[in-house]
**Student:** 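One structure, pasted below without further comment.
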Amino acid sequence: MTHDMHPQRWGDAAHAEPLPASTRELVELAFGAVDTPAVDSVTMPSSELAAHLLGTLADIVGPEHVHVDDHTRRLRTRGKSTPDLLKARAGDVSDAPDAVVRPASADEVDALLGWAAEHHVAVVPFGGGTSVTGGLVAAREGFAGLVSIDLVRMDQLLEVDPVSMTARLQPGMRGPQAEAALAEHGLRLGHFPQSFEYATIGGFAATRSSGQNSAGFGRFDQMVVGLRLATPAGELVAGSSPANAAGPDLRQLVLGSEGTFGIITEVTVRVRPAANETAYEAWRFESFTAGRDAMRHLAQNQILPTIIRLSDETETALNLASQSDVGGEGVTGCLMIVGHEGASIDGRRELIASTLTDLGGSSLGEDRGQSWLEGRFHAPYLRDSMLDVGVLVETMETATFWSNADRLYTDVKAALEASLGEGSIVLCHVSHVYETGCSLYFTIATSSGDDPLGRWIAAKSAASDAMIDAGATITHHHAVGTDHKPWLAREIGPVGVAMLRGVKDAVDPTGILNPGILIP
Ligand SMILES: Cc1cc2nc3c(=O)[nH]c(=O)nc-3n(C[C@H](O)[C@H](O)[C@H](O)COP(=O)(O)OP(=O)(O)OC[C@H]3O[C@@H](n4cnc5c(N)ncnc54)[C@H](O)[C@@H]3O)c2cc1C
């Protein structure tokens, strides 16, 4: 696996696959697929940073770590949202940074922010580039230039505290790097978002991501016990104890700040012993409501497994249709995946199995659970293959309290179906559960048509309105970026917006950090 993703696709270009013939036939039948090649060559806008500014940048990080070539700048242009991908495929590289700089230490990051503030240059912290909400599309108007601060060189495990079970990590470590480094100490982080292969520790913290194992390990914001943040006003070091009552928790203010308050240069996380035992099972429930009720029961009785997710009827039918190798035919209802990971899992596994049975679940065995595990990082590649044949596949997520889950599901699904029209598919699963509520994760598939971006923006707006109107959040784990900003303002209200702006003014008075991202 390389560090850099293809500018128009997910992951390593070597893993890109055309749709298998049988899937293509189905897709043609459902959506009338047509080959839709991406534009190959693009003309990059020239770098507009003045030569003397490039010279002073080189003084900070070394000339070999300042890049103005077209290739590197293209790789650091935007992220992986649908607007990002569609623009890249159409050859639109207008958001390219003027330069990409690669600091090696917190001190260099600090010096870069001083440089940017002095010369009024906008900066975009770049982790893995997997943002799906426009978090890397900073506004450049009014600035002397736009520089991507690429944290790829800050990729070390700095320290393990085996007594407290914590580890200090640099922000540029990608998911697999962090797991491999911790494994050498017999430890694990256990944070597996679907973007795990490319996303970074700093990105997880900056967006408050949530992984597939979050039922057992918690969200990333629950894993962080300390961090360092470089800001134009100086450094914040937060987290001198596991918990405190020393005013508002500043760690939580930094987590989710999406590069607008500063650049996270170090994260201290909770770690766990490496898992000795694992098991992944599938269960069937009669309906989405029955499955959700069972999840709520497990959560409220503190007997959650490490992984739990539940597909609605449509997603179940589609998943199982593609799993004929594990006997997918003939199963109706809703599919639940239950994963157990730990030093010793038998007791809890039996308790959960008997509880799920009592609540109306039927075990479908381990084959389907295992096949989910094996395919869990594959979907992003499929998204590109579908775009290649003119089919737009995209996801969105939200969360609410249990008592409101049914309304949220119905309203968002109806909004998407009405916007996308006939011949489109809307799927949903419960992706994360808590004692008090759950996250709903929607996937849509629709013909791209003549104006795929317009189609997507209309559908996304309709669904976002439905989320806020239903009293839910605009995002459970994808963060705000630019795409969710209008709805964030509605979610947190004018006082919430004023508080965010107040912090921003205090730490970044000239507004050089990620302008246009997150803060309404
Ligand atoms: C295919 C796919 C699947 C995904 N699955 C999940 C999922 O399961 N769960 C989930 O939560 N998310 C998921 N995401 C969204 C995304 O991967 C997460 O938001 C991830 O945490 C971003 O990490 P990154 O390192 O790629 O950050 P980037 O995309 O590089 O940056 C994200 C934002 O954080 C800022 N930033 C990055 N690093 C720093 C830093 N060190 N200091 C300050 N600001 C910084 C950036 O400027 C940007 O605004 C998925 C995305 C894709 C494309």
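If you read the sequence from its start, that first residue is 1, and numbering goes on from there. Numbering of ligands and ligand atoms starts at 1, following listing order.
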**Student:** Without placing hydrogens or testing angles, list every side-chain donor-acceptor pair under 3.5 Å for residues 511-520, not counting sequence neighbours.
**Tutor:**
unit_1 : atom_1 : unit_2 : atom_2 : d
Asn514 : ND2    : Glu258 : O      : 2.8

**Student:** Go through ligand 1 atom by atom and flag the ones less than 4.0 Å from a non-hydrogen atom of Gly259.
**Tutor:**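 This gives 43 (C), 44 (N) as the contact atoms.
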**Student:** I'd like to know whether ligand 1 has Ala479 as a neighbour, heavy-atom separation below 4.0 Å.
**Tutor:**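 Contact check Ala479 vs ligand 1: negative.
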**Student:** What protein heavy atom sits nearest atom 8 (O) of ligand 1, and how far away is it?
**Tutor:**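 So the nearest neighbour among protein heavy atoms is Gln194 N, 2.9 Å.
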**Student:** At what distance is the nearest protein heavy atom to atom 26 (O) of ligand 1, and which residue and atom is it?
**Tutor:**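 I find the closest protein heavy atom is Thr130 OG1, 2.6 Å.
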**Student:** Do Ser131 and ligand 1 have an N or O pair less than 3.5 Å apart?
**Tutor:**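 Yes, there is a polar N/O contact under 3.5 Å.
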**Student:** So, does Ser210 sit close enough to ligand 1 that a heavy atom of it is under 4.0 Å from the ligand?
**Tutor:**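 Yes, Ser210 has a heavy atom closer than 4.0 Å to ligand 1.
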**Student:** With a cut-off of 4.0 Å, which atoms of ligand 1 are near a heavy atom of Ile263?
**Tutor:**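 Answer, ordered by atom number: 42 (N), 43 (C).
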**Student:** I'd like to know whether Phe204 forms a ring pair (Phe, Tyr, Trp, His ring centres under 6.0 Å) with His191, so could you lay out the CA-CA distance, the side-chain angles of the two residues, the decisive distance to 0.1 Å, and finally the verdict.
**Tutor:** CA-CA 9 Å; Phe204 296 152; His191 187 66; 4.6 Å; yes
**Student:** Checking the N or O distance criterion of under 3.5 Å, is ligand 1 in contact with Trp10?
**Tutor:**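 In fact, backbone or side chain, Trp10 has no N or O that close.
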**Student:** Please list the nearest protein heavy atom to atom 47 (O) of ligand 1 with its residue and the distance rounded to 0.1 Å.
**Tutor:**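 Answer for atom 47 (O) of ligand 1: Pro125 O, 2.6 Å.
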**Student:** Could you grab the distance from atom CD of Glu394 to atom CG of Leu387, nearest 0.5 Å is fine?
**Tutor:**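 Between Glu394 CD and Leu387 CG, I get 9.0 Å after rounding to 0.5 Å.
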**Student:** Quick one: does ligand 1 sit under 4.0 Å from the side chain of Phe220, the backbone, both or neither, non-hydrogen atoms only?
**Tutor:**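 Under 4.0 Å from ligand 1, Phe220 contributes no heavy atoms.
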**Student:** side-chain contact (heavy atoms from CB on, under 4.5 Å), that's the test. Do Asp508 and Thr231 meet it? Break it down for me.
**Tutor:** CA-CA 7 Å; Asp508 180 22; Thr231 82; over 6 Å; no
**Student:** For atom 19 (O) of ligand 1, what is the closest protein heavy atom, and at what distance to 0.1 Å?
**Tutor:**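 Sorting protein heavy atoms by distance from atom 19 (O) of ligand 1 puts Thr207 OG1, 3.3 Å first.
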**Student:** I need the minimum non-hydrogen distance between Arg455 and Ser424, along with the two atoms involved.
**Tutor:**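 Heavy atoms only, the tightest pair is NH2-OG, 3.9 Å.
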**Student:** Counting each atom of ligand 1 from 1 as listed, which ones have a heavy atom of Pro171 under 4.0 Å away?
**Tutor:**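 Close to Pro171: 41 (N).
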**Student:** Regarding Arg102 and Glu64, does a basic nitrogen lie under 4.0 Å from an acidic carboxylate oxygen?
**Tutor:**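 No, no charged N to carboxylate O under 4.0 Å.
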**Student:** Looking at Asp95 and Arg140, does any basic side-chain N land under 4.0 Å from a carboxylate oxygen?
**Tutor:**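 Between Arg140 and Asp95 there is no salt bridge, as every charged N stays at least 4.0 Å from the carboxylate O atoms.
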**Student:** May I ask you to identify the nearest protein heavy atom to atom 14 (N) of ligand 1, giving residue, atom name and distance to one decimal place in Å?
**Tutor:**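 The answer is Ser195 OG, 3.6 Å.
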**Student:** If you have a sec, work out which protein heavy atom is nearest atom 25 (O) of ligand 1 and how many Å separate them, to one decimal?
**Tutor:**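 Of every protein heavy atom, Thr200 OG1, 2.6 Å lies nearest to atom 25 (O) of ligand 1.
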**Student:** What are the two closest heavy atoms between Ala96 and Met44, and how far apart are they?
**Tutor:**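 Result for this residue pair: CB-CE, 3.5 Å.
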**Student:** Check Ile201 against Ala178 and note the closest heavy-atom contact, atom names and distance.
**Tutor:**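 Heavy atoms only, the tightest pair is CD1-CB, 4.0 Å.
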**Student:** Compute the shortest N/O to N/O distance between Gly127 and ligand 1 and return yes if it is under 3.5 Å, no if not.
**Tutor:**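 Between Gly127 and ligand 1, an N or O pair is found under 3.5 Å apart.
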**Student:** Could you say whether the N/O atoms of Gly135 and ligand 1 ever approach to under 3.5 Å?
**Tutor:**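 Min N/O separation from ligand 1 is below 3.5 Å for Gly135.
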**Student:** Is it the side chain (CB and beyond), the backbone, both or neither of Leu151 that lies under 4.0 Å from ligand 1, heavy atoms counted?
**Tutor:**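 Contact part for Leu151 vs ligand 1: side chain (C-beta onward).
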**Student:** Considering both backbone and side-chain atoms of Gly211, is one of its nitrogen or oxygen atoms within less than 3.5 Å of a nitrogen or oxygen in ligand 1?
**Tutor:**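 No: no nitrogen or oxygen of Gly211 is under 3.5 Å from one in ligand 1.
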**Student:** Closer than 4.0 Å to some heavy atom of Lys80 - which atoms of ligand 1 meet that?
**Tutor:**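 Here the atoms of ligand 1 in question are 53 (C).
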**Student:** Who's the nearest protein heavy-atom neighbour of atom 24 (P) of ligand 1, and how far?
**Tutor:**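 Here the closest protein heavy atom is Gly128 N, 3.4 Å.
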**Student:** Measure the acute angle between the ring planes of Tyr280 and Trp372, then classify it against the limits of 30° and 60° as parallel, tilted or perpendicular.
**Tutor:**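 Aromatic pair Tyr280/Trp372 classed tilted.
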**Student:** For Phe204, counting its heavy atoms only, list the atoms of ligand 1 lying under 4.0 Å from any of them.
**Tutor:**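 Listed by number with element, the hits are 21 (O).
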**Student:** Rounded to the nearest 0.5 Å, what separates atom OG in Ser464 from atom CD1 in Ile474?
**Tutor:**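 Going from OG on Ser464 over to CD1 on Ile474, the span is 3.5 Å.
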**Student:** I'd like to know if Asp110 pairs up with Arg228 as an ion pair, taking the criterion as any Lys NZ or Arg NE/NH1/NH2 lying under 4.0 Å from an Asp or Glu carboxylate oxygen.
**Tutor:**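 Judged by the 4.0 Å cut-off on N to carboxylate O distance, Asp110 and Arg228 do not form a salt bridge.
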**Student:** State if Gly262 counts as touching ligand 1 under the rule of any non-hydrogen atom under 4.0 Å.
**Tutor:**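 Yes, that is the case, since the closest heavy atom of the residue is under 4.0 Å from the ligand.
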**Student:** Is there a polar contact between ligand 1 and Ala206, counting only N or O atoms under 3.5 Å apart?
**Tutor:**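 It does not: no N or O of Ala206 is found under 3.5 Å from an N or O of ligand 1.
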**Student:** Can you tell me which portion of Val132 lies within the under-4.0 Å heavy-atom range of ligand 1? Options are side chain, backbone, both, or neither.
**Tutor:**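 For Val132, only side-chain atoms sit under 4.0 Å from ligand 1.
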**Student:** Going by the atom numbers of ligand 1, which of them fall below 4.0 Å from some non-hydrogen atom of Pro380?
**Tutor:**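 Going through ligand 1 atom by atom, the ones under 4.0 Å from Pro380 are 1 (C).
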**Student:** What pair of heavy atoms forms the shortest contact from Glu397 to His476, and how long is it?
**Tutor:**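 Shortest heavy-atom contact: OE1-N, 2.6 Å.
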**Student:** Is there a donor-acceptor contact under 3.5 Å from the side chain of Arg73 to the main chain of Pro97?
**Tutor:**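 The answer is yes, because a donor-acceptor pair under 3.5 Å joins these two groups.
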**Student:** Nearest non-hydrogen atom to atom 28 (P) of ligand 1 belongs to which of Gly203, Gly129, Gly481?
**Tutor:**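 Closest candidate by heavy-atom distance is Gly129.
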**Student:** May I ask you to identify, for Asn514, whether its side chain, its backbone, both or neither come under 4.0 Å of ligand 1 on a heavy-atom basis?
**Tutor:**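 The answer is the side chain.
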**Student:** How are the rings of Tyr441 and His429 set relative to one another: parallel (under 30°), tilted (30 to 60°) or perpendicular (over 60°)?
**Tutor:**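 If you compare the ring of Tyr441 with that of His429, the planes turn out parallel.
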**Student:** Where do Asp98 and Gly145 come nearest, in terms of heavy atoms and distance?
**Tutor:**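 Nearest pair, atom of Asp98 first, then Gly145: OD2-CA, 3.2 Å.
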**Student:** Look only at interatomic distance and state if Phe126 has a nitrogen or oxygen under 3.5 Å from any nitrogen or oxygen of ligand 1.
**Tutor:**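 So ligand 1 has no N or O lying under 3.5 Å from an N or O of Phe126.
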**Student:** Identify the closest protein heavy atom to atom 31 (O) of ligand 1: which residue and atom is it, and at what distance?
**Tutor:**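 Nearest protein contact, heavy atoms only, for atom 31 (O) of ligand 1 is Leu136 CD2, 4.0 Å.
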**Student:** Can you name the closest pair of heavy atoms from Leu310 and Cys334 and give their distance?
**Tutor:**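 Closest heavy-atom pair between Leu310 and Cys334: CD1-CB, 4.1 Å.
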